[in-house]
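Encoded as structure tokens, the structure appears first; notes follow it.
Everything numeric in this text was worked out from a predicted model, so none of it was measured.
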Amino acid sequence: MTSDRSPSSAGAVLPGARGPATPYRMTVTTALPHADAVALADEQLASWLKQEGCEEPPPTSDAAAGAPPAAERLRLGERVLLDRDHGPLRGGPGTGRYDRRRLRTPAPHGTRQLTLTVATGAGGPTWFRLEAETHSTGSGVRTPCRVPVPELARTLLPLLDAADGPAAVHSAPRVITADEVDDLIDELCDPERRLPTVVASVPVNLPLDHWVQEVVRPLCRQLPGLANAYVLDPGARTGFNVALEYHTVYGGAVRTYLPEVDPASRQDGVRHPVLARGRIEQDLRGAAGLLAREPRRLAADQPLPPPLAAVPVLRVPPPQLRPAAERTTVAVPAGTGAGAGASTAAAVDRAVDPVAELAALAREEQQDRAEQQARADELERVRHTLRLERRDRGQTREAHEVRLRTGTRGVLAGRHCSGPGAVGRRGSAQAAGCPVKPETFTELLARIGEFPLLTFTGDQKSALALDGLQCVGAGWARLAWDGLTALQEYAEAAVRGAAGGDFKQWCEHTPDGCHRFPPRKAVRGESRTVFSHTKWKRERMLPVPECVDASRRAFMGAHLRIGGGRTAPRLHYLDDCSGSGRIYVGYIGLHLTNTRTN
């Protein structure tokens with residue numbers, strides 16, 4: 001079902017990594033009514049099958065000739081199967097309806113599968129999803145690293161009037177002029193945008209048309225249905241980079257803008273990867289695969305919209321057992337012409353092994369059930385995370401209001417130690433299944449209310465951006481949690497006048513039974529160069545309450561090293577235990593600018 005792979009290539013051996021190929025998944029909305037979208041999909045699917053030399057599927061029956069079966073299987077050739085089903089979404093007829101087509105064709109050492117689903121919720125838009133994957137016959141078979149973009153995706157996108165939120169989804173890059181910059185920025189910042197947006201710039205020494213045809217179009221060949229691509233002409237480039245000073249792109253580079261762009265946040269810029277001109281010109285084909293990696297990952301990881309998530313598992317009725325000597329044909333739906341019925345029966349008239357057929361159907365049903373369960377589990381995880389965040393925000397707000405009313409500086413949290421006895425409490429909590437260290441900064445920020453003497457005053461986006469750096473991000477979150485735990489224990493001692501010095505000294509001489517944080521990772525303050533540099537100092541002037549400073553800003557030079565390397569994450573804080581009796585964490589994120597950063 002792809003432009004470069006067809007049933008005729010069944011004898012070829014494709015290079016690639018061992019294991020399953022990364023699937024292709026396109027999820028968009030369409031302006032067409034549900035019935036028109038299904039009819040268009042059937043028309044394009046039949047056209048593609050005819051081009052590949054397969055039998056065209058018979059049309060579904062209309063209402064006058066009787067409703068078609070809820071699920072049916074059609075054999076259109078040797079190892080070519082088409083499953084069709086339709087019906088109400090899970091939850092009842094009033095929730096909406098769906099139509100689905102699943103086509104299976106032979107592939108080298110396996111089977112290609114393409115699934116097309118149209119789902120419309122009650123009063124909502126019509127969702128269109130196209131999935132392409134390859135099932136290998138063995139784990140040791142070499143397969144392509146990713147399933148190519150199906151040809152149906154390229155032909156259907158312009159016909160569907162496909163959209164991602166309010167923005168149209170295009171199958172090829174579009175050139176943006178100066179008058180269209182504002183519309184592009186609105187699209188980047190739109191909260192309903194699900195797909196990434198790829199923006200390419202043009203080198204100053206090359207003509208626009210040449211760069212678009214020779215570089216940008218081949219570079220974006222793997223993006224249809226996964227991302228929208230735009231090219232900034234020279235006039236648009238200037239206005240675009242002035243408006244997005246922290247998210248610029250120029251000099252022939254290409255930038256991928258993920259959903260939820262914050263143009264006013266410098267730290268948000270690190271979330272949106274840049275592909276340099278040199279890397280593109282060095283290996284255009286490799287750069288195209290690199291550019292498509294993040295959009296394909298997002299398409300696979302994003303939870304399904306509610307109408308698509310409510311589509312039931314595909315269940316095709318198994319054929320009746322018959323003697324092996326009998327010939328088996330597929331029933332032609334009512335209303336089909338005699339000629340079409342005869343050709344279909346002739347194409348599928350062959351002896352089948354009923355045991356093998358039932359075994360294959362059982363495997364298919366098991367795969368479908370596992371896939372549906374994975375989708376349901378992912379949706380439930382997202383819902384659970386949102387519930388936890390709402391609950392933790394409510395608890396944190398309530399605790400803060402209690403402290404303001406009572407004037408209490410803080411209450412010792414049972415899960416943080418302040419002496420030898422606290423170690424047993426933490427061990428008991430861990431044994432009872434209570435989580436001790438978060439794996440992500442999303443979870444860390446949701447649980448920061450567990451430290452009663454610490455207040456986070458910074459921008460959450462700089463911390464959440466660290467989750468996108470997956471190679472070592474989990475270790476950073478755990479180390480940051482260790483630092484916050486040690487700061488909490490130090491604050492509990494400092495407000496009683498029993499800390500014996502600052503936090504650095506506390507780390508060097510941690511009391512028995514308290515959490516130890518590496519002293520080399522606790523830094524008292526910034527260098528004189530940083531403090532005297534106006535711009536660098538301003539970056540470290542972080543938010544604090546008015547009771548700490550009337551300007552609501554204070555210099556936070558003290559910090560914890562929560563990562564190393566070029567990105568070098570840091571946690572900046574202000575120790576005000578001798579004043580307001582609290583520690584204020586003003587920043588968690590990538591290393592702020594100094595003499596060793598660009």
Judged by atom type as modelled, is there a donor-acceptor pair below 3.5 Å linking the side chain of [X] to the main-chain atoms of [Y]?
X	Y	value
Thr457	Pro543	yes
His210	Leu208	no
Asp190	Pro166	no
Arg221	Val149	no
Arg112	Pro106	yes
Thr485	Trp481	yes

Are [X] and [Y] packed together at the side-chain level, in the sense that at least one heavy-atom pair is separated by less than 4.5 angstrom?
X	Y	answer
Leu592	His559	no
Pro263	Ile185	no
Tyr230	Glu187	yes
Glu539	His572	no
Leu32	Thr126	no

Next on the checklist: Show, in sequence, the C-alpha distance, side-chain angles and deciding distance for Val118 and Thr30, and conclude whether the side-chain contact (heavy atoms from CB on, under 4.5 Å) test is met.
Outcome noted: CA-CA 10 Å; Val118 181; Thr30 174; 5.8 Å; no
Next on the checklist: Test side-chain contact (heavy atoms from CB on, under 4.5 Å) on Met26 and Val169; report intermediate values, then the result.
Outcome noted: CA-CA 11 Å; Met26 176 184 79; Val169 178; over 6 Å; no
Minimum-distance pair of heavy atoms, taken over all atoms of [X] and [Y]:
X	Y	value
Ala119	Pro307	CB-O, 3.9 Å
Leu560	Gly483	CD1-CA, 3.7 Å
Asn228	Ala168	ND2-O, 2.9 Å
Tyr246	Ala264	CE1-O, 3.6 Å
Leu574	Ala554	CD2-CB, 3.9 Å
Arg104	Thr111	CB-CG2, 4.0 Å

Item to check | Worked verdict on Asp164 versus Val28 for side-chain contact (heavy atoms from CB on, under 4.5 Å) | outcome: CA-CA 6 Å; Asp164 175 37; Val28 296; 5.6 Å; no
First locate atom [atom1] of [X], then atom [atom2] of [Y], and finally report the distance between them rounded to the nearest 0.5 Å.
X	Y	atom1	atom2	result
Ser462	Asp262	OG	CG	11.0 Å
Thr256	Glu294	OG1	CD	7.5 Å
Leu116	Glu131	CG	CD	9.5 Å

Checklist entry - Looking just at side-chain N and O atoms, do Arg129 and Thr27 make a donor-acceptor pair shorter than 3.5 Å? => result yes
Next on the checklist: Between Gln267 and Tyr587, do the side chains contain a donor N or O and an acceptor N or O under 3.5 Å apart?
Outcome noted: yes
Item to check | Pair listing, ring-ring contact (aromatic ring centres under 6.0 Å, His included) test, anchored in residues 262-305, at least two apart | outcome: His247-His272, Tyr257-His272
Item to check | Lys/Arg-Asp/Glu bridge criterion (N-O < 4.0 Å) met for Arg174, Glu180 | outcome: yes
Item to check | Within 6.0 Å of CD in Glu260, more than 12 heavy atoms from elsewhere | outcome: no
Checklist entry - Hey, is CZ on Arg285 packed in by over 12 heavy atoms from elsewhere, all under 6.0 Å? => result no
Item to check | Identified side-chain hydrogen bond (donor to acceptor under 3.5 Å, both in side chains) partner of Arg101 from the options Thr115, Asp42, Thr117 | outcome: Asp42
Next on the checklist: According to ring pair (Phe, Tyr, Trp, His ring centres under 6.0 Å), who are the partners of Phe555, at least two apart in sequence or on a separate chain?
Outcome noted: Phe531
Checklist entry - Can Trp48 and Leu103 be said to form a side-chain contact (heavy atoms from CB on, under 4.5 Å), step by step? => result CA-CA 11 Å; Trp48 184 88; Leu103 179 68; 4.1 Å; yes
Could you pull out every donor-acceptor pair under 3.5 Å between side chains of residues 194-207 and any protein atom, sequence neighbours left out?
{"from": "Arg194", "atom 1": "NH2", "to": "Gln302", "atom 2": "OE1", "distance (Å)": "3.3"}
{"from": "Thr197", "atom 1": "OG1", "to": "Arg193", "atom 2": "NH1", "distance (Å)": "3.2"}
{"from": "Ser201", "atom 1": "OG", "to": "Tyr250", "atom 2": "O", "distance (Å)": "3.4"}
{"from": "Ser201", "atom 1": "OG", "to": "Gly252", "atom 2": "N", "distance (Å)": "3.0"}
{"from": "Ser201", "atom 1": "OG", "to": "Ala253", "atom 2": "N", "distance (Å)": "3.0"}
{"from": "Ser201", "atom 1": "OG", "to": "Ala253", "atom 2": "O", "distance (Å)": "2.8"}

